[in-house]
Amino acid sequence: MGSYNTVVQPGGNQRKRRGKAMAGKDDDVKVLGLVMSPFAIRVCIALKLKGVSYEYIEEDLANKSELLLSSNPVHKKIPVLIHGGKPICESLVIVYYVDEAWAPSPTSPSILPADPYDRAVARFWAAYVDDKMVPGMVGVLRAATEEERAAKADETLAAMAQLEKAFAEVAAKNGKPFFGGDSVGYVDLALGCNLHFLEAIRRLHGVALVDAGKTPLLAAWAERFVQVEAAKGVVPDADDAVEFARKIQARVAAAAASTAAK
Ligand SMILES: N[C@@H](CCC(=O)N[C@@H](CS)C(=O)NCC(=O)O)C(=O)O
């Protein structure tokens, strides 16, 4: 995950990177994250969209920090946003908070729409990404057999087809480039933070989950998303995602082999 004004250096050890100087306690913003984590990526992009400086702290999930355990004692997961000493957990909750805590400006528009109905629709589709698309995608990456991988790929493709339809409705209504309209919004963040893993899956397994043939609107949307300034340096390089995915797969295979040996 790139912190503000820094270049991504994926993988590896606990790191601290600092953005601009902090003005006071309420401006003290920390993100506990993991470079490859889609959930952390969406939080960092949201902060960058809002022009908020933050300190990014890379967690080692095999050896969770005291700060993480005390900030998110319920789930013990990243990301956690710590604003003025107060922790906020769960990435979609955090992005919602970021949108409310930092007022929009001409250079950083709202992430959620103003209209209550449109807000509800955005929250529905963001939850759909996490409930349907992400488990399918993770299933493809972690599958123990090729049959399992194919089944998970089908699940993910079905979710992508729904999202394509949802985006077609947005595009038909206003012809805008993003779910959020002229700029990246809540659903864009929810989905766009997964693009590095979707590309890694294409490279590793030849399954195109965002595909110009099957999901042409999303394929064009994905190209626009990675070009957004706030996403640059935060969405990891696909080569790094491939390497990370290979490590996960090696771990899954080793765990399966050790279970089989018992
Ligand atoms: N629903 C959570 C998911 C966060 C999540 O799964 N984080 C993973 C890393 S990608 C984690 O911290 N895993 C550590 C663990 O499960 O112990 C969110 O949206 O923030």
Side-chain angles (χ1 to χ4, degrees), residues 1-3 8 10-15 29-49 54 56-83 86-101 111-112 122-143 152 156 159 163 184-201 234-238 240-249 251-252 255:
M1 185 92 28
S3 70
V8 176
N13 306 324
Q14 190 108 338
R15 284 192 300 272
V29 180
K30 293 185 175 69
V31 176
L32 311 187
L34 189 74
V35 168
M36 285 290 153
S37 164
F39 306 109
I41 290 168
R42 59 174 64 142
V43 168
C44 291
I45 300 178
L47 288 166
K48 287 183 76 177
L49 283 170
Y54 60 94
Y56 173 74
I57 303 172
E58 178 82 352
E59 273 291 327
D60 174 0
L61 293 182
N63 183 21
K64 293 174 184 170
S65 71
E66 272 310 311
L67 186 58
L68 173 59
L69 297 174
S70 61
S71 308
N72 189 356
V74 175
H75 296 304
K76 304 178 178 65
K77 290 185 177 187
I78 59 93
V80 179
L81 178 78
I82 307 177
H83 183 198
K86 292 185 284 191
I88 302 112
C89 304
E90 287 294 309
S91 60
L92 289 178
V93 175
I94 298 172
V95 173
Y96 201 91
Y97 173 83
V98 167
D99 199 37
E100 291 196 318
I111 293 171
L112 278 127
R123 294 173 81 179
F124 174 87
W125 284 113
Y128 182 85
V129 169
D130 278 12
D131 294 345
K132 300 290 181 193
M133 198 290 284
V134 171
M137 178 188 80
V138 172
V140 175
L141 284 169
R142 300 184 67 99
K152 291 293 172 188
T156 318
L163 289 161
V184 160
Y186 202 55
V187 184
D188 300 288
L189 287 175
L191 188 58
C193 62
N194 296 290
L195 288 173
H196 57 304
F197 280 139
L198 295 175
E199 177 57 17
I201 287 170
V234 180
V235 176
D237 197 77
D240 296 322
V242 165
E243 197 186 311
F244 186 82
R246 282 209 176 102
K247 281 188 195 151
I248 294 177
Q249 291 176 350
R251 242 183 280 145
V252 170

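The basis for the numbers below is simple: all heavy atoms, side chains too, and nothing from hydrogens, waters or symmetry mates. Just so you know, ligand 1 is whichever comes first in the structure, and atom 1 is the first atom listed for that ligand. Sequence positions, counted from 1, serve as the residue numbers for this chain.
A pairwise comparison of heavy atoms in P135 and V129 identifies CD-O, 4.3 Å as the closest pair.
Under a cut-off of 6.0 angstrom, the local environment of CD in Q249 is crowded, with over 12 non-hydrogen atoms contributed by other residues, nucleotides or ligands. Crowding of K64 atom NZ: a count of heavy atoms from other residues, nucleotides or ligands under 6.0 Å exceeding 12.
P38 places a side-chain heavy atom less than 4.5 Å from the side chain of H196.
At a 4.0 Å heavy-atom cut-off, the residues surrounding ligand 1 are S37, F39, L61, K64, K77, I78, P79, E90, S91, listed by chain and number.
R42 and D130 are joined by a salt bridge, as a carboxylate oxygen and a charged side-chain nitrogen come within less than 4.0 angstrom of each other.
With sequence neighbours left out, Y128 forms a ring pair (Phe, Tyr, Trp, His ring centres under 6.0 Å) with W125.
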